[in-house]
Colleague: 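Got a structure for you, questions after.
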2 protein chains.
Amino acid sequence: MVQYFRPPLDASFAALSDTTRRGVLEQLGRSDASITELAEKFHMTLTGMKKHVGVLEQAGLVTTEKVGRVRTCKLGLRRLEEEAAWIERYRQLWDARFDELDKVVEELKRKEKADGRKKRK
Amino acid sequence: MVQYFRPPLDASFAALSDTTRRGVLEQLGRSDASITELAEKFHMTLTGMKKHVGVLEQAGLVTTEKVGRVRTCKLGLRRLEEEAAWIERYRQLWDARFDELDKVVEELKRKEKADGRKKRK
DNA sequence: TAAATACTGAACCACATGGTTCAGTATTTC
DNA sequence: GAAATACTGAACCATGTGGTTCAGTATTTA
């Protein structure tokens with residue numbers, strides 16, 4: 001819970017690596033909610049949900065405000081831009097890498113053919 | 001390390017939540033590498049790197065093959081499509097949500113003005 | 001065949017995670 | 001003012017994480 005400092009991408013990807021927390025984000029995308037409401041929706045104790053919200057808050061994905069006895073949770077400022085960008089970059093790398101491998105395979109096939117011809121000659 | 005079963009998004013986001021592992025993916029995007037090579041590049045013991053590769057492998061992000069005494073690591077089949085899609089969907093939710101809030105704020109401002117006029121009347 | 005290389009598995013460490021219960025405190029509500 | 005509500009913090013639990021060391025095994029190389 002303390003999590004003194006983690007690179008932001010580490011923290012947000014870690015926050016996203018739990019089904020419940022992704023669900024909470026989706027829920028908050030539809031409407032703000034109190035800890036109690038979230039705990040009920042996700043079949044969990046208040047304390048348990050509070051911890052999840054804490055993780056999301058640390059990652060900048062959620063902000064909360066307590067008014068009276070109710071703490072209301074909303075989406076935070078982080079819009080997953082860096083995360084989307086990292087993944088996009090990776091996908092480009094991946095595509096390039098597999099294209100390259102395809103070329104190598106093609107090259108091998110061509111050589112094989114040439115070899116076959118040589119041998120047959 | 002065992003990780004019997006985790007929803008795929010859980011596993012891949014968890015795999016991405018570590019700087020070293022993201023680095024390994026970027027490296028493998030440039031060229032395949034042995035465990036030893038990766039361990040050196042990331043200043044870590046062989047055993048330590050082997051664990052990271054294990055996590056990436058479980059998440060489908062890396063595949064490995066051992067030939068002789070060398071285990072070679074390459075990018076796996078998972079291209080982060082579901083991950084990109086989840087994040088994209090979230091960003092749309094986020095935008096919609098904040099547009100909505102903007103409207104609410106506008107509405108409040110308009111009412112305030114109207115109230116002001118009433119009181120002054 | 002001896003030595004070097006490359007990995008592997010077990011065991012350990014400190015700390016994080018995802019949950020719980022229990023015992024509060026602060027705020028409403030009746 | 002008593003009771004209900006909403007949260008909070010501490011403590012606990014089992015398991016996971018990110019690393020290590022140490023003691024192997026298997027494969028090359030000289």
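All heavy atoms count here, side chains included; hydrogens, waters and symmetry mates do not. Keep in mind the model is a prediction, meaning the values are calculated, not measured. Just so we're on the same page: letters track the sequence lines, and every chain starts at 1.
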Colleague: Counting Watson-Crick and G-U wobble pairs only, both distances under 3.5 Å, name the nucleotide matched with C:dA4, or none.
Modeller: D:dT27
Colleague: How long is the line joining CD of B:Q58 and C1' of D:dG18, in whole Å?
Modeller: 16 Å
Colleague: Applying a 3.5 Å limit to both distances, which nucleotide forms a Watson-Crick or G-U wobble pair with D:dA10?
Modeller: C:dT21
Colleague: State which residues pass side-chain contact (heavy atoms from CB on, under 4.5 Å) with B:T72; sequence neighbours excluded, sorted by chain then number.
Modeller: B:D32, B:V70, B:K74
Colleague: Could you report the tightest heavy-atom contact between B:A15 and B:L61, atom names first, then the distance?
Modeller: CB-CD1, 3.9 Å
Colleague: Using 0.5 Å steps for rounding, measure from the OG1 atom of A:T63 to the CG atom of A:L28.
Modeller: 9.0 Å
Colleague: Sort me out a list of protein N/O and nucleotides 20-25 of chain C N/O pairs below 3.5 Å, or just none if empty.
Modeller:
unit_1 : atom_1 : unit_2 : atom_2 : d
C:dT20 : OP2    : A:T45  : N      : 3.3
C:dT20 : OP2    : A:T45  : OG1    : 2.7
C:dT21 : O4     : A:T47  : OG1    : 3.4

Colleague: Under the salt bridge (charged side-chain N to carboxylate O under 4.0 Å, His left out) test, which residues partner B:D10, sequence neighbours left out?
Modeller: A:R22
Colleague: CZ of A:F42 versus P of C:dG19: gap in Å, rounded?
Modeller: 11 Å
Colleague: Tell me, which of residues 65-73 of chain A have any heavy atom that sits under 4.0 Å from an atom in DNA chain D?
Modeller: A:K66, A:R69, A:V70, A:R71
Colleague: Starting from C1' on C:dT17, measure out to NZ on A:K50 and report it in whole angstrom.
Modeller: 16 Å
Colleague: Between C:dA26 atom P and A:I35 atom CD1, what is the distance in whole Å?
Modeller: 18 Å
Colleague: According to salt bridge (charged side-chain N to carboxylate O under 4.0 Å, His left out), who are the partners of B:R21, at least two apart in sequence or on a separate chain?
Modeller: none
Colleague: Can you tell me if A:H52 touches the phosphate of C:dT17, counting only side-chain N or O atoms and a distance under 4.0 Å to OP1 or OP2?
Modeller: no
Colleague: To the nearest Å, give me how far apart CG (A:D10) and P (D:dT17) are.
Modeller: 14 Å
Colleague: Which heavy atom of B:W94 sits nearest a heavy atom of A:R78, and at what distance?
Modeller: NE1-O, 3.7 Å
Colleague: If I take atom NE2 from residue B:H43 and atom OG1 from residue B:T20, how far apart are they, to the nearest 0.5 angstrom?
Modeller: 10.0 Å
Colleague: Quick one, B:W86 with A:I87, criterion side chain to side chain contact (heavy atoms under 4.5 Å, CB included). Give me CA distance, side-chain angles, the key distance, then yes/no.
Modeller: CA-CA 11 Å; B:W86 193 93; A:I87 288 185; over 6 Å; no
Colleague: Rounded off to whole Å, could you give me the CG-to-C1' distance for the B:L56 and D:dG18 pair?
Modeller: 13 Å
Colleague: For B:T64, which residues count as a side-chain contact (heavy atoms from CB on, under 4.5 Å) partner, sequence neighbours excluded?
Modeller: B:V53, B:E57, B:V62, B:R71, B:C73
